[in-house]
**Student:** 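Please read through the structure below; I'll follow up with questions.
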Number of protein chains: 2
Amino acid sequence: MTTTVREPRYRRMNETRCRTCSLSSLCLPLALEMPDMDQFDAIIQRHAPLKKGEVLIHQGTPFNSVFAVRSGSLKQVVNEKGEEQVSNFYLPSELIGLDAIDEGIYPGRVHALETTTICEIPFNKLDALAQQLPELRTQLYRSMSKELRDDRRMLRLLSSKTADEKLASFLISLSARFRRRGYSPYSFRLSMSRSDIGNYLGLAIETVSRVLGRLQQQGLVATSGREINILDMSALERLAEGEDAP
Amino acid sequence: MTTTVREPRYRRMNETRCRTCSLSSLCLPLALEMPDMDQFDAIIQRHAPLKKGEVLIHQGTPFNSVFAVRSGSLKQVVNEKGEEQVSNFYLPSELIGLDAIDEGIYPGRVHALETTTICEIPFNKLDALAQQLPELRTQLYRSMSKELRDDRRMLRLLSSKTADEKLASFLISLSARFRRRGYSPYSFRLSMSRSDIGNYLGLAIETVSRVLGRLQQQGLVATSGREINILDMSALERLAEGEDAP
DNA sequence: CGCTTTATTGAGAATCTTCAATCTTAGTGG
DNA sequence: CCACTAAGATTGAAGATTCTCAATAAAGCG
């Protein structure tokens, strides 16, 4: 590891390391000390960025790796009997593929919503390292647990809320995820289409449009295409919780 | 461990062991050989059965253990701003509490729907043992991954299906879970009320009633109170997939 | 700059919910 | 053992929300 020549090829493409990655405090190596982080870093495979629309994972292919999003965003689409359903969005620092461990195949197609860079983490190496590093093991449990909790929150959202509440919750969730990684929670750009949002939330695309219009009229948000400005966060939160219904 | 006297008190209450448990092939020790299973067995805490309605976990209490259901069933209820939402049902061999690891507190109240016995597994001991036993570690990942996948399936169900499809999916899911542990997939008893089902599926209780009536009229199932008989599984599956809509 | 995709808006139709009344079941105590 | 009560389940009718169909507008892409 002393000369550039000994570096594997993918290193040449991208000199990024976990220790210099701005997301490391949100990602799997979160709790690792420097020497441990370098060990972790060594198992990561980094690839050329995905262009918009490019597929990272094809549905049904064998599970070998989990993937951490470094920049950009992706959606997971599950195809069931011809029906396509958006079942998740992935933003930077989030892990893709944890839902594939059990069956050993990826349950859906995952593709980039914009130019996206990814860290691939071979799972057998991750597990071997996790055996040695309790902090990494803990973080892996926590990542999976967090996804479980987020999914349950989503379940509650879908099973009990009106269209307005769903959309408010969706925007707040995105907002919180942007805030967490240092971006403005008030102003951001949706990388997904209205159709994706509708499909994800179980709403017709027209309903998504109408609700966004309604939220805008009420002065809660301002939208311009895919640009979102949250004008009244607390009112939006109240709406998401179903407290006031105008 | 040579004399009965040295056994801790809860052992006296229940001589059950993993190696004699009929669920062991579905539960965490699934992949363990005998000596390893005994090690696992030693960290389990077994308690007196919960009576119907008794609370296993209070929402917001600190996470220390995961719980495996040995017999009976439970529901998880999340209370958010006074609104109560059923977010999961747990049947024998399923693990409770995996969604609590990340935040370190249990996200909902869990109580017994009927007389229920539980194995408590202190998480720090489980993790310590998982460090030594790769098979146990794998099984823990798989359990969490399976829950993730199940939750995603549920998300798709909630976001895209009609009331009839939701209920058909719900019955098929229960059926599959009974089949998996050796019970009849065609004839079983619901331990949850119509109200619980409706709350869980995002339907009014009246809708649950009406849909069950409809399914009965169509000859797909026969119901008598909480007794369910599935008469035409393939038609029910087709309905759940949204293929034919009469 | 034109073309394709994506988004908005309107009107009618369908589904689900709500409200209300009735029926059934399960649990309790005489 | 039966009656009684409370909780759970069913059924009907009216109302609300969301969906579908359709037409138009805007935006993104080559």
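By convention in this document, chain letters (A, B, ...) are assigned in the order of the sequence lines, proteins followed by strands, and residues within each chain are numbered from 1. Reckoned from all heavy atoms, side chains included, excluding hydrogens, waters and symmetry mates.
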**Student:** Check the distance between dA26(D)'s C1' and Glu227(A)'s CD and give it to me in whole angstrom.
**Tutor:** 16 Å
**Student:** What is the separation between atom CE on Met192(A) and atom C1' on dT6(C), rounded to the nearest whole Å?
**Tutor:** 15 Å
**Student:** Is Gly202(A) touching bases, backbone alone, or none of the nucleic acid, heavy atoms closer than 4.0 Å?
**Tutor:** sugar-phosphate
**Student:** May I ask you to check whether Glu120(B) and Asn64(B) show a side-chain donor-acceptor distance below 3.5 Å?
**Tutor:** no
**Student:** Using a 4.0 Å heavy-atom cut-off across all strands, classify Ser193(A) as base, sugar-phosphate, or nothing.
**Tutor:** sugar-phosphate
**Student:** Is the number of heavy atoms from other residues, nucleotides or ligands under 6.0 Å of Glu83(B) CD greater than 12?
**Tutor:** no
**Student:** Tell me which of Arg210(A) and Gly225(B) sits closer to the 5' end of DNA chain C, going by the nucleotide each one is nearest to.
**Tutor:** Arg210(A)
**Student:** By the 4.0 Å heavy-atom rule, please label Ser209(B) as base, sugar-phosphate, or nothing.
**Tutor:** base
**Student:** Is there a donor on the side chain of Glu206(B) or the base of dC19(C) sitting less than 3.5 Å from an acceptor on the other?
**Tutor:** yes
**Student:** Could you check how far CZ of Arg194(A) sits from C1' of dA27(D), rounded to whole Å?
**Tutor:** 11 Å
**Student:** Applying ring pair (Phe, Tyr, Trp, His ring centres under 6.0 Å), run through Tyr200(B) and Phe89(B) and close with a yes or a no.
**Tutor:** CA-CA 9 Å; Tyr200(B) 181 58; Phe89(B) 296 110; 4.9 Å; yes
**Student:** Whole-Å distance between dT9(C) C1' and Leu212(A) CG?
**Tutor:** 14 Å
**Student:** Do Glu80(B) and Gln59(B) come close enough that some side-chain heavy atom pair is under 4.5 Å?
**Tutor:** no
**Student:** Specify the separation, in whole Å, of atom CG of Leu158(B) and atom C1' of dC16(C).
**Tutor:** 15 Å
**Student:** Between Ser93(A) and Arg181(A), do the side chains contain an N or O donor and an N or O acceptor separated by less than 3.5 Å?
**Tutor:** yes
**Student:** Sequence neighbours excluded, which residues qualify as side-chain hydrogen bond (donor to acceptor under 3.5 Å, both in side chains) partners of Ser159(A)?
**Tutor:** Gln85(B)
**Student:** For Lys52(B) and Leu203(B), find the nucleotide of DNA chain C closest to each by heavy atoms; which residue's nucleotide sits nearer the 5' end?
**Tutor:** Leu203(B)
**Student:** From CD of Glu114(B) over to P of dG8(D), roughly how many Å is that when rounded to an integer?
**Tutor:** 16 Å
**Student:** Counting only side-chain heavy atoms from C-beta out, which of dT18(D), dA26(C), dC16(C) sits nearest to Arg189(B)?
**Tutor:** dA26(C)
**Student:** Should the ring pair Phe178(A) and Tyr183(A) be called parallel, tilted or perpendicular, given that the plane angle runs from 0 to 90° and is split at 30 and 60?
**Tutor:** perpendicular
**Student:** When you measure from the side chain of Asp164(A), which nucleotide among dC19(D), dT18(D), dA9(D) comes out closest?
**Tutor:** dT18(D)
**Student:** Please work out which residues in residues 166-173 of chain A have a non-hydrogen atom less than 4.0 Å from an atom of DNA chain C and list them by number.
**Tutor:** none
